[in-house]
There are 2 protein chains.
Amino acid sequence: MNDERNWKIPEVAVSVDVAILTVRSGALHILLVWRAIEPFAGMRALPGGFLSSVEEDIDVSARRELAEETGLDADRFHLEQLRTYGAPRRDPRMRVVTVCYLALVPNLPDPVAGGDASAASWVPVAEVLEGRLPLAFDHHGIVLDAVERARSKIEYTTLATAFCDEEFTVAELREVYEIVWGEIIDPRNFHRKVTGAKDFLVPTGRKTTRNGGRPAELYRRGTATLLHPAFLRGHQA
Amino acid sequence: MNDERNWKIPEVAVSVDVAILTVRSGALHILLVWRAIEPFAGMRALPGGFLSSVEEDIDVSARRELAEETGLDADRFHLEQLRTYGAPRRDPRMRVVTVCYLALVPNLPDPVAGGDASAASWVPVAEVLEGRLPLAFDHHGIVLDAVERARSKIEYTTLATAFCDEEFTVAELREVYEIVWGEIIDPRNFHRKVTGAKDFLVPTGRKTTRNGGRPAELYRRGTATLLHPAFLRGHQA
DNA sequence: GTATCTTCTCGTCAAGATGACGATTAATGG
DNA sequence: CCATTAATCGTCATCTTGACGAGAAGATAC
């Protein structure tokens, strides 16, 4: 209720942060930057920044941030809005409302050099989740939300393939699920499930032995985006 | 990349809008206000407004908006963040980033008189979805998102009860599903499913005949928030 | 070359969930 | 008292799941 006489529309700073998740070295990782300046200088934080201009679209801003940090053509990567965080004192300098995004990317060639002044590196999310690595601002809570979103999203969508390369085996996809969920999955039931799901996987006809053992069929993503029926993790009781 | 010399952090207006959904008269309804002022004066829009001050928390702002519009103690109602909309020209006056929330409320006593200058009223969402009722700004798309969120959310959570009164029958809950999904559901299978789901419904021991026929057991919400297993609508193929 | 190890893939079986639908129960209105 | 209505219970075939056996097809060791 803006009934005061000389009330003016409050203007605040809007930033965009991106939680970029990947699977590498057998663990879920997140891309974090080192903060070069105050506040929280020297601490790690999510990559992000203020809108570059008052004209910039927030989705464009997020995509730009993702491209800068991965150093790659970010159009191929999955990017979705996660949530907006706007508690009054989350930034000590001024009121900042931050729109956060979640990106799921495959194991990229190398830990990329930060496009920004400060360096970026992949960090196992366990470091953050278990509180061993404090983050700037309210980024700790954001990472929690991001990981939980990723965990639940691969239950009912085909997004787990976003963590895989172009071509992958059923076992590699299963490893993604195991790592993201932190659960072991029966290889035979998993194989039956994913190969049975319509339009989830497209066989290439080629095989690979890169994981040892009997040669495995190589697949690429199908056109399906939703999994029917869903693939539920061990009950969240 | 803010490498310009005299670059300043852009500040923009932040607003909070709320899509308040309810089930009444056999249809899903949304609370809309009439805009009294330009832009879009005379058109209908989602209730909402700018942050009341540069200090106000966005969640608090949404809760306040909900309370004003429903005229009731809004603490009992389900309120969750939906998404943030920040396209550059979504408001012709200036750059406005709006954080939208979704509220699910029971059939309230009466179409409430708007707390604000303009009047509020319940409108069948079909009017909006089918394009018969144009809305201000990008609110049409927001309503689409809100309805889809509600539809999918009652699949795997117990939130359908948020549309019911304190005490309700299985048939009343089934009607909620039927109306929100726009599908008819077998009463016998539905009954088996919801009464079998652990901690979903708590029997009160009392019965009612308000829907005619054989007296139905009255239930209230249980403590469960997630439905296991989920209750899926007819395949979204 | 053969044994062994590894991993992939196919199969089986019991338990649980689902969808279709018959039948009974307990109210109400003539 | 009978027809109507809606709530509840039960049955059955089908599908999905989880647990696990077993064979297939490669690499490696000897």
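The sequence lines fix the lettering, A, B, ..., with proteins before strands; numbering per chain opens at 1.
- Residues from residues 188-200 of chain A that place a heavy atom under 4.0 Å from any atom of DNA chain C, listed by number: A:Arg188, A:His191, A:Arg192.
- Counting non-hydrogen atoms under 4.0 angstrom, A:Asp186 reaches a base of the nucleic acid.
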Worksheet item: Stepwise, does the side chain to side chain contact (heavy atoms under 4.5 Å, CB included) test hold for A:Thr161 with A:Leu173?
Response: CA-CA 7 Å; A:Thr161 60; A:Leu173 182 61; 4.1 Å; yes

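- With rounding to whole Å, B:Leu232 atom CG is found 8 Å from C:dT18 atom P.
- Atom CG in B:Asp17 sits 5.5 Å away from atom CG in B:Leu46 (nearest 0.5 Å).
- Side-chain contact between B:Arg44 and B:Val33: absent, with no pair of heavy atoms (C-beta onward) separated by less than 4.5 Å.
- With A:Tyr85 as the aromatic partner, A:Arg83 meets the cation-pi criteria of under 6.0 angstrom to the ring centre and within 45 degrees of the ring axis.
- Atom-to-atom distance recorded for B:Met43:CE and B:Leu133:CG is 8.0 Å, nearest 0.5 angstrom.
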Item to complete: Would you check, one step at a time, whether the test salt bridge (charged side-chain N to carboxylate O under 4.0 Å, His left out) holds for A:Arg233 with A:Glu148?
Response: CA-CA 12 Å; A:Arg233 34 183 169 164; A:Glu148 178 48 35; 2.9 Å; yes

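- A:Glu68 places no side-chain N or O within 3.5 Å of a backbone atom of A:Glu65 that could act as its donor or acceptor partner.
- Shown for residues 212-221 of chain A: residues whose heavy atoms fall under 4.0 angstrom of DNA chain C, namely A:Gly212, A:Gly213, A:Arg214, A:Pro215, A:Ala216, A:Glu217.
- Between the CD1 atom of A:Ile185 and the C1' atom of D:dT17 there is a distance of 14 Å, given to the nearest Å.
- Applying the salt bridge (charged side-chain N to carboxylate O under 4.0 Å, His left out) test to residues at least two apart or on different chains, the pairs with a partner in residues 216-227 of chain A are A:Glu166-A:Arg220, A:Glu166-A:Arg221, A:Glu167-A:Arg220, A:Lys207-A:Glu217.
- Distance CG (A:Asn211) to P (D:dA25): 18 Å, rounded to an integer number of Å.
- Sequence order on DNA chain D of the closest nucleotides to B:Ala171 and A:Pro229 puts B:Ala171 first from the 5' end.
- Ring-plane geometry between B:Phe137 and B:His139 is classed as tilted, the angle between the planes lying from 30 to 60 degrees on a 0 to 90 degree scale.
- Put simply, CG on A:Leu173 is 16 Å from C1' on C:dT9, counting in whole angstrom units.
- Atom pair B:Lys207:NZ and C:dT28:C1' shows a separation of 16 Å (rounding to whole Å applied).
- The nearest whole Å value for the distance from the CZ atom in B:Arg206 to the P atom in D:dA7 is 17 Å.
- Across the protein-nucleic acid pair, B:Leu227 atom CG and C:dA17 atom P stand 13 Å apart, rounded to whole Å.
- The separation between B:Glu178 atom CD and D:dA6 atom P is 12 Å, rounded to whole Å.
- When heavy atoms are screened at a 4.0 angstrom cut-off, A:Arg210 is found touching no nucleic acid atom at all.
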